[in-house]
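Here the structure comes first, spelled out in structure tokens, and everything after it is commentary.
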Amino acid sequence: MFGPRGSPSAGSGRKEILSRSSVMGVRGLQGFVGSTCPHICTVVNFKELAEHHRSKYPGCTPTIVVDAMCCLRYWYTPESWICGGQWREYFSALRDFVKTFTAAGIKLIFFFDGMVEQDKRDEWVKRRLKNNREISRIFHYIKSHKEQPGRNMFFIPSGLAVFTRFALKTLGQETLCSLQEADYEVASYGLQHNCLGILGEDTDYLIYDTCPYFSISELCLESLDTVMLCREKLCESLGLRVADLPLLACLLGNDIIPEGMFESFRYKCLSSYTSVKENFDKKGNIILAVSDHISKVLHLYQGEKKLEEILPLGPNKALFYKGMASYLLPGQKSPWFFQKPKGVITLDKQVISMSSDAESREEVPMCSDPESRQEVPMCTGAESRQEVPMCTGPESRREVPMYTDSEPRPEVPMCSDPESRQEVPVCTGPESRQEVPMCSDPEPRQEVPMCTGPESRQEVPMYTDSEPRQEVPMYTGPESRQEVLIWTDPESRQEIMCTGHESKQEVSICTDPISKQEDSMCTHPEINKKLPVATDFEFKLEALMRTNPEIKQEDPTNVGPEVKQQVTMVSDTEILKVARTHHVQAESYLVYNIMSSGEIECSNTLEDELDQALPSQAFIYRPIRQRVYSLLLEDCQDVTSTCPAVKEWFVYPGNPLRHPDLVRPLQMTIPGGMPSLKILWLNEEPEIQVRRLDTLLACFNLSSSREELQAVESPFQALCCLLIYLFVQVDTLCLEDLHAFIAQALCLQGKSTSQLVNLQPDYINPRAVQLGSLLVRGLTTLVLVNSACGFPWKTSDFMPWNVFDGKLFHQKYLQSEKGYAVEVLLEQNRSRLTKFHNLKAIVCKACMKENRRITGRAHWGSHHAGRWGRQGSSYHRTGSGYSRSSQGQPWRDQGPGSRQYEHDQWRRY
């Protein structure tokens with residue numbers, strides 16, 4: 001196998017790092033593929049694949065869908081990761097990555113996770129707690145060795161995912177942020193847009209019936225060689241069909257189905273499995289045993305009995321069906337679902353169409369044959385005869401079109417309308433063995449688009465009862481006639497509209513506001529088709545449309561919907577549309593999550609749980625978030641003028657993450673009064689920019705320092721604002737810390753990337769490590785505030801590659817701690833000296849307005865000897881350390897940000 005940089009030795013180190021992220025997806029499948037079924041991995045070359053794609057589809061640009069969250073570890077090539085991030089080096093690595101694919105004529109579409117689905121929250125918590133243990137080991141190592149741990153303990157710098165979005169957009173790449181975890185949207189996009197393949201590191205992509213799956217961990221960027229994992233060969237090895245893979249995944253355990261749920265069942269399969277080879281590992285034996293049970297036992301009852309009649313589902317029946325449904329892409333169906341006459345399955349608050357029947361009326365993406373001009377289905381999944389590279393043996397690198405399978409595939413039956421019992425015509429392309437519904441309507445009055453359920457990942461009909469065909473209103477406001485954009489097709493720029501019979505309101509479905517490019521990806525240049533782009537689930541029913549079919553039922557395969565209204569946090573559909581657009585375009589951070597679901601999360605930060613002198617970033621920046629909540633949720637106040645609490649899943653030492661913190665908005669005073677979001681976001685008058693800046697400064701409680709901050713030149717204005725806030729909030733920050741922060745920002749402007757690469761701090765200080773991460777988390781908070789206030793500042797001004805470098809800060813911190821003169825910190829550059837004193841004076845003056853005098857460590861007395869308490873539920877201080885908020889109270893005191901449920905025991909470290 002080729003390492004990512006072409007060197008086997010370098011590759012082995014990188015694979016070791018990437019293996020930590022490979023646990024995503026199906027439990028045990030990654031190791032099984034490597035140890036038991038290596039023949040499903042084929043070395044391929046992207047240049048050759050792209051050339052073949054261009055010859056097959058003239059005028060269609062070869063496109064790879066990138067699961068960006070899987071690639072972060074691969075992209076982060078800088079040697080140093082402990083000091084807060086080598087952001088300029090990282091940006092350079094991203095630029096090289098993009099250039100390499102662009103030179104090969106390959107277009108990249110990047111998808112990022114937008115929020116954590118409720119079904120996967122437990123798994124998210126489990127991983128965060130595991131990360132906490134890893135971080136504890138990292139700090140223990142630093143204190144023992146005063147150096148960065150080896151790559152086997154690598155931990156990605158804080159904020160990497162957030163800033164990678166902005167870096168890719170800066171590099172001109174199409175970057176999308178999903179409305180849940182991105183894997184479903186990645187698989188759906190790849191299938192519907194006839195993409196060359198998916199680049200990532202998640203075994204779920206072996207389960208989805210979509211375009212080919214390529215490994216990012218095996219990518220050699222110089223040659224563009226990588227490994228393709230072939231799901232057809234996996235099925236051949238397991239004796240299964242592609243349609244059986246979702247069942248296998250759920251029985252093994254994935255991000256929805258806990259691994260222990262069917263543990264006893266798997267061992268029963270193992271005990272009866274007689275074809276076990278001695279050299280197979282235990283996990284491999286179990287996968288083979290479960291596959292054998294599916295092919296030899298369960299297949300006998302397929303289509304005749306429900307899954308709960310042939311599997312020990314017990315009380316987990318609904319969850320199991322939901323897990324199965326999560327792998328079905330738009331238009332696909334599972335032979336394992338016992339089809340009722342209406343062809344609809346109800347699962348946990350949703351009505352989920354399990355087949356592409358007549359009621360779905362799904363538009364099938366078409367690609368025109370340039371010679372016959374006949375429209376044929378463009379992407380019909382792995383079982384079609386769509387031309388993809390054949391998975392040859394590992395010894396072969398030759399690209400061979402895959403036209404046939406070793407075994408005949410079952411035919412997909414015609415779609416029938418459950419009411420009229422009329423068969424719906426299906427379209428079979430000249431090269432496809434899979435029949436695709438032509439989307440004809442037995443009652444051709446109107447085409448009814450499909451919406452997607454928030455958790456099932458399946459399409460949900462706009463009407464829930466096929467007999468009366470009464471549509472569910474899309475908005476709670478009955479008088480609404482407003483057209484709301486949901487997604488725009490990047491190719492056609494057309495909006496796919498849905499018109500309600502009764503409400504008469506038009507709602508755009510599946511349009512992509514992001515890309516306005518003319519580049520034809522999936523259609524012939526002469527054809528401009530409407531394509532359903534990435535389906536979104538949290539948004540379409542629960543967020544913007546604010547209606548969610550809540551189903552109360554006993555049988556998860558029966559139909560009996562009871563529709564209830566479920567509203568989002570914000571009722572203004574126009575504002576929600578804007579927030580959603582910025583979210584999907586990866587231009588904002590957390591704003592849409594707050595306004596739609598009222599639930600946000602923040603992953604682990606390099607924080608020392610034993611050093612209680614520095615509070616966690618989750619607490620330090622909480623007052624800012626609370627003021628942002630009051631801005632975004634202003635119209636959500638009840639009769640008592642109280643805004644609803646926001647659920648915060650923030651990782652910090654001592655938080656067991658059993659529940660979210662319920663954090664209430666914090667009112668703020670803004671000159672001229674609190675402006676509405678419509679004024680901040682939609683008003684283009686020049687004077688509104690002043691109000692936007694006033695609002696941003698009010699979020700930081702720095703309205704009194706507006707004049708001084710306006711005098712600061714770019715890009716230091718945002719950094720100066722952040723430093724003032726930090727030093728007001730945390731009184732254990734000293735003058736030496738301030739010198740280090742300002743000196744590194746000034747020196748960074750004159751350094752090249754190669755100079756930063758060669759920089760080596762004398763040793764690693766654990767407090768400096770935490771301070772570096774603290775500042776970077778502050779920069780992500782600036783992204784939140786700036787987008788919430790209508791972008792008063794240029795985003796580039798607080799991108800870390802412009803204002804922060806981890807190693808450079810560490811060097812300045814160590815020098816400042818040793819008492820080096822300011823001239824030494826600034827590398828004897830006189831022009832920097834003037835700027836340094838100006839920035840320092842502004843920060844110190846603003847802090848004095850808040851009665852915060854910044855002193856050096858030599859002047860610290862007993863006041864600074866206190867230790868900060870870290871506990872789960874209440875925020876009392878355990879020492880004399882003091883931090884200020886807008887109301888002048890200790891930041892850990894019980895207040896608006898406290899949990900609204902039971903108090904955990906104090907956790908002191």
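Values in this document were obtained by computation on a predicted structure and should not be read as measured data. For the single chain, residues carry numbers from 1 onward in sequence order.
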>> Evaluate T164 against Y90 for side-chain contact (heavy atoms from CB on, under 4.5 Å), listing each step before the verdict.
In response: CA-CA 9 Å; T164 302; Y90 180 65; 2.7 Å; yes

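Side chain of R73 to main chain of I156: no donor-acceptor pair is present (N/O by atom type, distance under 3.5 Å, no hydrogens or angles). A donor-acceptor distance shorter than 3.5 angstrom exists from the side chain of Q332 to the backbone of D209, with no hydrogens or angles considered.
For W75 and F97, the gap between ring centers is short of 6.0 Å. If you look at F337 and Y321, their ring centroids are closer than 6.0 Å.
The side-chain contact (heavy atoms from CB on, under 4.5 Å) search around S603 returns R128, not counting sequence neighbours. Among residues two or more places apart in sequence or in another chain, the salt bridge (charged side-chain N to carboxylate O under 4.0 Å, His left out) test is passed with R121 by E599, E601. Scored by the salt bridge (charged side-chain N to carboxylate O under 4.0 Å, His left out) test, E263 finds no partners at all (sequence neighbours excluded).
When only modelled atom types and interatomic distance are considered, H39 and S237 share a side-chain donor-acceptor pair under 3.5 Å. Counting only N and O atoms by type, the side chains of D204 and Y184 include no donor and acceptor under 3.5 Å apart. A side-chain donor-acceptor contact under 3.5 Å links S217 and E201. When only modelled atom types and interatomic distance are considered, D244 and W336 share a side-chain donor-acceptor pair under 3.5 Å.
Shortest non-hydrogen contact noted between P62 and L196 is CB-CD2, 4.3 Å.
Residues I310 and L300 have side chains not in contact (no heavy-atom distance under 4.5 Å, counting atoms from C-beta outward).
In this structure, D122 does not pair ionically with R127, as no charged nitrogen and carboxylate oxygen lie closer than 4.0 Å.
Ring geometry, Y76 versus F154: the interplanar angle falls from 30° to 60°, so the pair is classed tilted.
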